[in-house]
Amino acid sequence: MNARRAAVAAEPEQSTPEAAHRRELLRTMLLIRRFEEACAELYSAARIRGFVHLYVGEEAVATGVMAALGPDDAVVSTYREHGHALARGLPVDSLMAEMFGKQSGCSGGRGGSMHLFDSSRHFVGGNAVVAAGIPLAIGLALADKLQHRDRVTVCFFGEGAAAEGEFHEALNLATLWRLPVLFCCENNLYAMGTAIAKEHAQTDLALRAESYGLAAWPVDGMDVFAVESAARRAVEAIRGGAGPHFLELRTFRFRAHSMYDPDRYREKVEIEHWKEHDPIDALVATMRAAGQLDDADLEATRDEVAGLVAAAVDAAEAAPIEPVESLTRFVTSDREAEGSRT
Amino acid sequence: MNARRAAVAAEPEQSTPEAAHRRELLRTMLLIRRFEEACAELYSAARIRGFVHLYVGEEAVATGVMAALGPDDAVVSTYREHGHALARGLPVDSLMAEMFGKQSGCSGGRGGSMHLFDSSRHFVGGNAVVAAGIPLAIGLALADKLQHRDRVTVCFFGEGAAAEGEFHEALNLATLWRLPVLFCCENNLYAMGTAIAKEHAQTDLALRAESYGLAAWPVDGMDVFAVESAARRAVEAIRGGAGPHFLELRTFRFRAHSMYDPDRYREKVEIEHWKEHDPIDALVATMRAAGQLDDADLEATRDEVAGLVAAAVDAAEAAPIEPVESLTRFVTSDREAEGSRT
Amino acid sequence: MTATLVETTYREALRAALREALSEDERVFLMGEDVGSYGGCFAVSLGLLEEFGPERIRDTPLSESAFVGAGIGAALGGMRPIVEIMTVNFSLLALDQIMNNAASLLHMSGGQFNVPLVIRMTTGAGRQLAAQHSHSLEGWYAHIPGLRILAPATLEDARGMLPTALRDPDPVLIFEHGSLYNMKGTLAADAGAVDIDRAVVRRPGDDVTLITYGGTLGKTLEAADLLAADGISAEVVDLRTLRPLDDETFVGSVRRTHRAVVVDEGWRSGSLSAEISARIMEQALYDLEAPVERVCTAEVPMPYPKHLEDAALPQPDTIAAAARRAMRPVAV
Amino acid sequence: MTATLVETTYREALRAALREALSEDERVFLMGEDVGSYGGCFAVSLGLLEEFGPERIRDTPLSESAFVGAGIGAALGGMRPIVEIMTVNFSLLALDQIMNNAASLLHMSGGQFNVPLVIRMTTGAGRQLAAQHSHSLEGWYAHIPGLRILAPATLEDARGMLPTALRDPDPVLIFEHGSLYNMKGTLAADAGAVDIDRAVVRRPGDDVTLITYGGTLGKTLEAADLLAADGISAEVVDLRTLRPLDDETFVGSVRRTHRAVVVDEGWRSGSLSAEISARIMEQALYDLEAPVERVCTAEVPMPYPKHLEDAALPQPDTIAAAARRAMRPVAV
Ligand SMILES: Cc1ncc(C[n+]2csc(CCOP(=O)(O)OP(=O)(O)O)c2C)c(N)n1
Ligand SMILES: Cc1ncc(C[n+]2csc(CCOP(=O)(O)OP(=O)(O)O)c2C)c(N)n1
Ligand SMILES: [Mg+2]
Ligand SMILES: [Mg+2]
């Protein structure tokens, strides 16, 4: 489909705003990819621990959605959130330090891979309980509505999460109260080892969502332009007061569910098929065909992001660990020192 | 609508099977009504305590649905379940004794109004947590399916319950696994004081249910024939292997939510409007028009059920209370005596 | 300062606190099942919808997990939500949100996101509501780091704990015992915020310390009367805040009296009474003249009949009996 | 009887128990998230789908409340379901079903409907899984009347508790500590059902009783080694069944040693350790030479970094230190 797009597009100069924007999208996707490759290596080297869920193959989703947001909008994420965080602009250094559990990490090292937070970017965190972020997102949107703020809250979750009761309760509530929230269901066809047909009686999730009375449509999640334009349309409508919207972003994870997962439940051929639709390759092809990218550009961008990630790893390695004495910080806001009075 | 029915019906003799069946339906509905009137009086006299939720106005639902079941089918109910229990054939005596908390009650007196049980009739109980019976029902149906039993499990719940996450999870699961369960949503337009439009973004609940991929349709819950025939159709389909079905039974409670409720949230005129559709009056009118009921019959039936209820009250009053020494019975099955080893 | 006293009830005191909070802070709103048109299932919020409108007195569908989670989100978004869960029994449906989000977000985010949320709910037994509507789980909730747990047992606390809780930057759960709503008494006309850090001695005494909170304070004071008739002087400590516990007050009392009875409406095993007992042992073992006694609820899902429910719950006479046992321990 | 010994792991022992149960009783089936095609999130059920088919090794959607409730319903309907909740952290989503249905139906129905259901789940911390994936709530569940709570800490118990649990007419929850799955050792080739009524002494000793269960048994035995090096003889009691507690075994031990340390991976306040401590005080106060010590998890949502997680959890040296304190109490 990107070939078709490219064909109909005029051949703009590399310096047009469109080209610049696309280079930005590409850079983000490459950065996510490189960051996660590094994470995988560091995990194997036991420098990163805990559960780590890679987003490889799904980069177009986070990148496209975030491109549609303003700096004041809010994001609620999942445990598979490196891509969301990077696309939202969290500094690579702070993310990598978090992976190492260092105090310089974006969550002070307390969270690790599944709990990336950044209040300055309204990035309200990774959440490791499936679907548990959805109610938070509608609450943020409720606060915005009550305070007459022009913010949209974006909420990411997987197709597996849509089977949880909280999905149902929150979609109903958001629609009933016309809350400014964009539900982004990342449908990568599997919830751990469970294929969508074993999770949902009705596998057309956009249709399911529509039954709550909100606007919902499916989007090719491997096409960053499709994602961005769908997200823009939805965000604009939401800001205009049209209430919650729902995007089903059809995508695929190229790697296992987590670093623990031997991926026994998927056929190699299915994975290979999807890899042919690698969202980065597709974007590169489109940009090349449009004359917006040449080998040197691509190489330079790859080098740049690789350099960023490498520097982040070095910095994270070098960063000091938190002293054990501060173990009970952040249990409560104002009584941090009084560890004993619990 | 009952007038119309009556008009097109031929005028069968009082002795036809149809007439006999209708008299049975009428008797059940009158029994439920009388039983609950007695409960209301006894509550005011402080002979019955706890939470008591009356079914007055909704009798056609329980009566029609139960008429479609065989003795081996199972029923999962709610806290508003006097009608379900009576229509299912639980003896009036055992129900009234339960209201009094006597050992001769259908739950040994332990449950009270909200927890009526009868294993011999597969009446798997009143449940006082909204929607919590729905997963039980699908589990019973799963057991039947795994054991190749020809049973249908009927599950009652209100339209308010449909907002709970468990509704969603269970409908999906039942449809996914094609379980032999009949969901009976008693839509009486209010969940305590909350009108349906404040509970559900999409108030057409049959439509909502259909979005899970199961067969669902709305039924006039004030018309016992409509209920019975819808339930028969659904039960037959389920027994034939067609998977779960969903009936939205549109009805109304004539009285407050519970004996505690001053009913501030409904307009008198709304209640009066619905009372014009009293399911008992409608049935009586239809039967009269069809020559299936005369004043004497009606009087006799009323007397009979009043007598049953009065006798049940006397028996319940007279029944002994359980000795305090057996307080910790029924915590576990086999260690009843060992109260101390907890 | 001789404040004017007014006649009121626990319910009205709670309502006055809500009204004040709504009037004084635009960020405050009340949300829950039937808090609006119905007036609150125990009539606590009666009239507030008319006064503050449906945006701020917000009826929710039956969706405990979603509306508690939405309360957390709204708190993150700068509001000061008061979420009412109709009763503690239904709070289990929202427990994941309470433990894994409300209580954990501050920590997981390295201190970036605090959750200034107040959750109110009715707790307790005693009204023949049977097994699914009679839980006393406030002591159980007190296990969760990151939460503050309050149990107002008096009119002052019903009136005064909410404003203090709303000033807390972190989540606070307030448990209102169902048997207290109709409690009558007098309250200073200008009653307002109270401290939520300390336990208090509700009745001083010398011979034995009776430690309790919430719905069993009244019964415990009655027990103290019974004991007084026997010449036993009982000190009654009201814990008030179940997390964090104010050890100083109750351990201090036991150090003086050398005997303690903990009264707790939770099921005995694993109830808050165990924690209190363990702390007394840890901090004052050598002051004890007798084992710490516990008077709790029998370990049975609550039966409906009144006589069985009464037998299952702590009562003045069983409390007094435990205190007498503590006065005359059988050495072994 | 000199049974042949075979090398095995905790995981394999659990799987052998599942396989046996599925083979021997048609009413048994396993249901949960990813128990089938994935092989179980911790590979416990690996291969069982191929052996028993998708009807009996039943993958569920992410719907904890519904599939736990369905397990209860299936148990009522004559089956013997084994429901796997992936981890204790997600069990909160099903807690209403567990407390208000599984644990209460027998009572509410006056003895008519028992629930022969087994629920298995992974519990515990120690693998850097951070705040939402590191709970130890088995002691918390032990508060609920109507449930039996098991914590297999050895290969024998991993192999043998399930068959006994399946014979129980009432709901049984089995908590498998995540750090144990790879534990290696030998097991009798014919190992089978074990008793689930009694605690056992895993190491006899005279000077101090160390009481623990599940994931901390290993650390506690290590602590006993450390103490032995100091000439302190520690007895180690493995509780095994957390509800109902077998007081006789641990109180009996304390009566002999006069000193006790309870080791519990739950957050300290309101953990099972408090109940154990309270029971020792109630039943053996006059035998105690020192306050009962508790070594628990720090009251903090679990931090991700290894050094902080280690510091938060009970460790052999902190357990040994507590035992040494108990040996040399500072009189006050
Ligand atoms: C409530 C809950 N249940 C189970 C899990 C374990 N778990 C983590 S991710 C996952 C699969 C979720 O699938 P999906 O929502 O499709 O998201 P994806 O991982 O595919 O991005 C499961 C079962 C969990 N974290 N939370
Ligand atoms: C989980 C839960 N939340 C709240 C309640 C309190 N409550 C009891 S009945 C009820 C209304 C239920 O309405 P609906 O499902 O429509 O049934 P109806 O009472 O109208 O028959 C509420 C809120 C409860 N019992 N359980
Ligand atoms: Mg997925
Ligand atoms: Mg209703």
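Chain A is the first sequence line, chain B the second, and so forth, proteins listed ahead of strands; every chain is numbered from 1.
For the pair C:Phe250/C:Thr209, no side-chain contact is recorded, criterion being any heavy-atom separation below 4.5 Å from C-beta on. D:Asn101 is listed as a side-chain neighbour of C:Gln132, based on a closest heavy-atom distance under 4.5 Å.
Interface remark: C:Ala131 contributes backbone and side-chain atoms alike to the contact with chain D (heavy atom separation under 4.5 Å). When heavy atoms are compared at a cutoff of 4.5 Å, D:Met108 approaches chain C solely by way of its side chain, counted from C-beta outward. Only the side chain of D:Leu137 comes within contact range of chain C, with at least one heavy atom under 4.5 Å from a heavy atom of that chain. Of the two parts of C:Met302, only the backbone, made up of N, CA, C and O, holds a non-hydrogen atom closer than 4.5 Å to a non-hydrogen atom of chain D.
When atom types are taken as modelled, the side chain of C:Ser109 and the backbone of C:Leu106 share a donor-acceptor pair closer than 3.5 angstrom. Between the side chain of D:Glu299 and the main chain of C:Pro145, no donor-acceptor pair closer than 3.5 Å is present. Side-chain N or O atoms of C:Arg148 include none that pairs as donor or acceptor with a backbone N or O of C:Val172 at under 3.5 Å. Using modelled atom types, no side-chain atom of C:Trp267 and backbone atom of D:His143 make a donor-acceptor pair closer than 3.5 Å.
Partners of C:Phe175 according to the ring-ring contact (aromatic ring centres under 6.0 Å, His included) rule, which considers only residues two or more places apart in sequence or in another chain, are C:Tyr141. Residues passing the salt bridge (Lys or Arg N to Asp or Glu O under 4.0 Å) test with C:Glu293 are C:Arg325, sequence neighbours excluded.
Interface check for chain C: of the options D:Arg268, D:His107, D:His135, the most heavy-atom pairs under 4.5 Å are formed by D:His107. Among C:Ala284, C:Ala290, C:Gly110, the residue making the largest number of heavy-atom pairs under 4.5 Å with chain D is C:Ala290.
Close approach to chain D, defined as a heavy atom under 4.5 Å from one of its heavy atoms, is seen in C:Asn89, C:Leu92, C:Leu93, C:Leu95, C:Asp96 of residues 83-96 of chain C, taken by number. Of residues 270-278 of chain D, those residues lying under 4.5 Å from chain C by any heavy-atom pair are D:Gly270, D:Ser271, D:Ala274, D:Glu275, D:Ser277, D:Ala278.
Between C:Arg279 and D:Ser269, the side chains place a donor N or O and an acceptor N or O closer than 3.5 Å (distance only, hydrogens not considered).
Under the side-chain contact (heavy atoms from CB on, under 4.5 Å) test applied with C:His258, the options C:Val208, C:Asp207, C:Leu288, C:Asp287 reduce to a single match, C:Asp287.
Going from atom CG of C:Leu129 over to atom OG of C:Ser134 covers 5.0 Å, rounded to the nearest 0.5 Å.
Residues D:Pro244 and D:Thr241 come closest through the heavy atom pair O-CG2, 3.4 Å.
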